[in-house]
Amino acid sequence: MLKCIFNLQKNTVISGDFHDEKLSKFSYWKNRYKYRNKDVFEWFLEPGEIVEPILNNIAHIQAQHSVGKTNSFLRYIDIGCGLSDLSLHVLIHCPRPLSAAMVDFVSEALQYQNKRMQEYQQMVQLNSESTLHLICADVLCLPFRAGEFDVAIDKGTMDALLKDKGQGHFKSGLLMAEVTRLLSPGGRYLQISDEDPDSRLLFLESISNTKRAAWNCGKRVEETHEESMCGAAPDFHKLSSWNFKSIQLKFGSEYFLYWAERV
Amino acid sequence: MSHAKTLGKLANGALKLQKCVLPATNHCRQASTSTNLKDVMEKIIPEKQKEVIEFRKKYGGAKVGEVTVDMMYGGMRGIRGLVTETSVLDPDEGIRFRGYSIPECQEKLPRAPGGEEPLPEGLFWLLLTGKIPTQEQVAAVTKEWNDRAGIPNHVITMLNNFPSKLHPMSQFSAAIAAMNSESKFAKAYAEGVHKSKYWELCYEDSMDLIAKLPTVAAIIYRNLYREGNPPDSIDKKKDWSWNYTSMLGFDDPKFVELMRLYLTIHTDHEGGNVSAHATHLVGSALSDPYLSFAAGMNGLAGPLHGLANQEVLVWTTKLQESLGGEVTDDQLRDFIWNTLKSGQVVPGYGHAVLRKTDPRYMCQREFALKHLPNDPLFKLVAQLYKVVPDILIEQGKAKNPWPNVDAHSGVLLQYYGLTEMNYYTVMFGVSRALGVLASLVWDRALGLPIERPKSFDTPGLKKLVGAS
């Protein structure tokens with residue numbers, strides 16, 4: 001009797017449990033963005049609900065940067081932008097000009113964003129000095145030099161990576177290292193997720209400030225993955241401890257903005 | 001036994017050695033198989049005390065996190081402030097009782113003779129000792145609880161005098177507090193007992209209280225919903241859950257099995273939730289276990305804590321009515337999608353911590369598949385399980401679109417005839433007693449002091465952070 005029950009449990013792999021693993025696959029998003037790009041796909045919440053906390057963070061960073069800097073542009077990157085209108089909203093509402101980059105590994109998503117931006121520019125006056133670059137790249141191996149950005153936004157990207165049951169934790173660690181590498185001193189990593197701080201904070205802490213594993217990105221290997229013989233890797237940036245802000249939506253759901261600062 | 005204790009008082013250092021050498025006692029050799037729970041605890045506690053002392057000596061000053069202004073206004077969300085040994089929520093596997101997940105508990109914990117579901121007596125042994133009990137040890141707990149089940153007459157009178165409009169949880173909480181006339185802890189404290197004995201007295205009160213809860217809960221049920229016919233008396237041949245269902249007035253053996261499962265899976269959920277925290281907090285002032293647990297039940301009565309399974313049942317029954325019968329998956333999908341579009345949520349779905357379906361949901365689902373696969377309400381619940389997570393994922397509404405424990409419990413209870421939804425939280429409370437009281441015994445065993453975090457007023461807080 002005992003064995004029967006045990007087997008039943010093991011065999012009852014409810015397909016529902018693994019339906020979401022597809023969200024970690026390139027093929028899923030490629031298919032989605034290519035064929036179903038009519039409906040905007042927003043993870044968790046509408047951009048309007050999250051823009052204000054993001055702008056607050058940006059204002060904070062800007063205040064710290066304004067001393068002694070000739071260039072008043074804040075450098076912004078959206079990591080895994082997909083079809084989200086979030087960065088569009090940020091560009092519309094940010095009072096100071098931004099030098100923005102949006103990254104996704106599916107080119108159709110970027111084509112969509114391009115179209116959206118052009119539509120909006122006809123309707124709304126974006127800050128005319130802001131610039132936008134759309135880059136097709138793998139977020140785990142970004143084609144930028146260290147310290148090139150002041151704020152990095154991740155809305156659902158690490159969540160998508162975590163859907164990979166086998167590699168999710170490892171890949172999230174790589175993402176954390178990449179974003180940390182890209183941030184200038186005082187720059188912030190902003191992560192939007194619906195996962196509770198009780199588990200997410202512990203997880204973020206566990207993958208922050210660790211030595212990165214070598215990852216073959218071709219000719220960039222020497223530049224960014226070199227580890228000196230005498231100890232820590234060069235340019236080993238560190239993040240402050242992680243904080244969070246709860247965002248309560250109208251209909252009871254709750255989301256969180258996690259952030260940490262490059263020290 | 002008393003011989004060893006006397007020696008213990010005389011020679012603390014030689015205590016363990018003496019106990020082992022004495023031929024008259026069997027403690028040392030049988031510690032791991034002893035069916036006396038208190039004796040087992042007496043062995044374990046000194047080891048654990050030492051472990052904690054050593055840990056704090058080395059790491060007592062280590063920082064574990066930061067506190068922000070938002071956290072202080074935000075219900076202490078994210079503040080790491082408690083140590084609770086009995087259970088920890090693993091985001092990937094669900095709740096772990098002393099390290100064991102629900103599926104592991106289902107596999108390893110002893111069952112009633114002829115039954116398939118684990119016995120809550122066994123889980124209580126596990127929560128208290130950290131060890132999986134044997135069948136004999138579980139039977140010993142059953143016997144203890146049956147022996148301790150009598151409730152004082154003044155409580156019966158009180159319950160029988162409550163008006164029917166008094167909510168079952170209020171009746172439950174009041175009765176628990178009133179039972180502290182029996183508290184051995186309170187009596188001993190008043191007589192000046194030494195603090196090294198607190199855990200034993202807490203243990204005695206906890207065992208007494210747990211034993212009495214089914215009778216109290218049954219009287220409340222029968223007063224409210226069965227014309228006040230008093231419940232049967234305790235049958236020494238039945239286990240704790242079985243006595244409870246009999247006293248409620250149900251005799252379906254499958255319902256007994258359901259009750260065993262239900263009372264096992266709701267026992268504990270870390271230490272920060274309101275019922276667990278309140279029990280711990282009030283207990284830290286050395287209020288006796290009855291008063292402490294009553295405080296926990298007052299918290300459980302709050303709509304934000306103990307009411308979720310009711311909400312799910314109401315929603316699901318309404319859905320069943322709106323659909324007017326069985327529908328195809330596609331029809332259900334459309335219905336759900338419209339619900340989400342109009343800004344409403346699907347109750348019971350979405351979990352902020354768990355990255356897969358709550359195992360407490362899965363075991364209830366397996367129970368239903370085994371025993372009531374054709375019940376219309378269950379079929380709807382099963383269909384929802386098939387359809388809802390995908391919609392939530394596709395529409396990006398939730399990263400973790402899986403159902404939690406409350407999405408299933410109401411359906412099973414309804415099937416066996418326990419349809420009075422206002423009463424569900426009382427059953428939840430009966431189960432939760434096992435977790436919070438096991439923790440309370442350890443609070444006293446480890447000598448945890450009174451709990452009192454520092455509070456600020458807003459001007460003081462502003463000053464602290466340099467705001468104008």
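These figures come from a predicted structure and were not determined experimentally.
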Residues in ring pair (Phe, Tyr, Trp, His ring centres under 6.0 Å) contact with B:His280, at least two apart in sequence or another chain: none
Could you walk me through whether A:Glu195 and B:Val353 satisfy the side chain to side chain contact (heavy atoms under 4.5 Å, CB included) test, starting with their C-alpha distance in whole Å, then the side-chain angles of each, then the deciding distance to 0.1 Å, before giving a yes or no? CA-CA 6 Å; A:Glu195 183 161 311; B:Val353 178; 5.9 Å; no
Any carboxylate oxygen within less than 4.0 angstrom of a Lys/Arg side-chain nitrogen, looking at A:Glu205 and B:Lys63? no
Taking only residues two or more places apart in sequence, or in another chain, which ones meet B:Ser275 in a side chain to side chain contact (heavy atoms under 4.5 Å, CB included)? B:Asn273, B:Leu300, B:His305, B:Arg432
Does the side chain of A:Asp198 reach to within under 4.5 Å of the side chain of B:Leu89, using non-hydrogen atoms? no
Inspect the surroundings of CE in B:Met72 and state if more than 12 heavy atoms from other residues, nucleotides or ligands are less than 6.0 Å away. yes
Does B:Met71 form a side chain to side chain contact (heavy atoms under 4.5 Å, CB included) with A:Asn243? I'd like the steps, not just the answer. CA-CA 10 Å; B:Met71 286 172 174; A:Asn243 295 291; 5.7 Å; no
Greater than 12 external heavy atoms within 6.0 Å of B:Lys462's NZ: no
Side chain from CB out, backbone as N, CA, C, O: work out which of these in A:Ser246 comes under 4.5 Å of a heavy atom of chain B, or both, or neither. neither
Can you find a pair of side-chain heavy atoms, one from A:Asp159 and one from B:Arg355, that are under 4.5 Å apart? no
Decide, yes or no, whether a salt bridge links A:Asp196 with B:Arg77 under the criterion of side-chain N to carboxylate O below 4.0 Å. yes
Is atom CZ of A:Phe26 surrounded by more than 12 heavy atoms (other residues, nucleotides or ligands) closer than 6.0 Å? yes
Taking side chain as everything from C-beta outward and backbone as N, CA, C, O, which of these in B:Asp90 sits under 4.5 Å from a heavy atom of chain A? Side chain, backbone, both or neither. neither
Report yes if the side chains of B:Thr68 and A:Lys245 come closer than 4.5 Å at any heavy-atom pair, otherwise no. no
Spatial distance of atom NZ (A:Lys165) from atom NZ (B:Lys356) [nearest 0.5 Å]: 8.5 Å
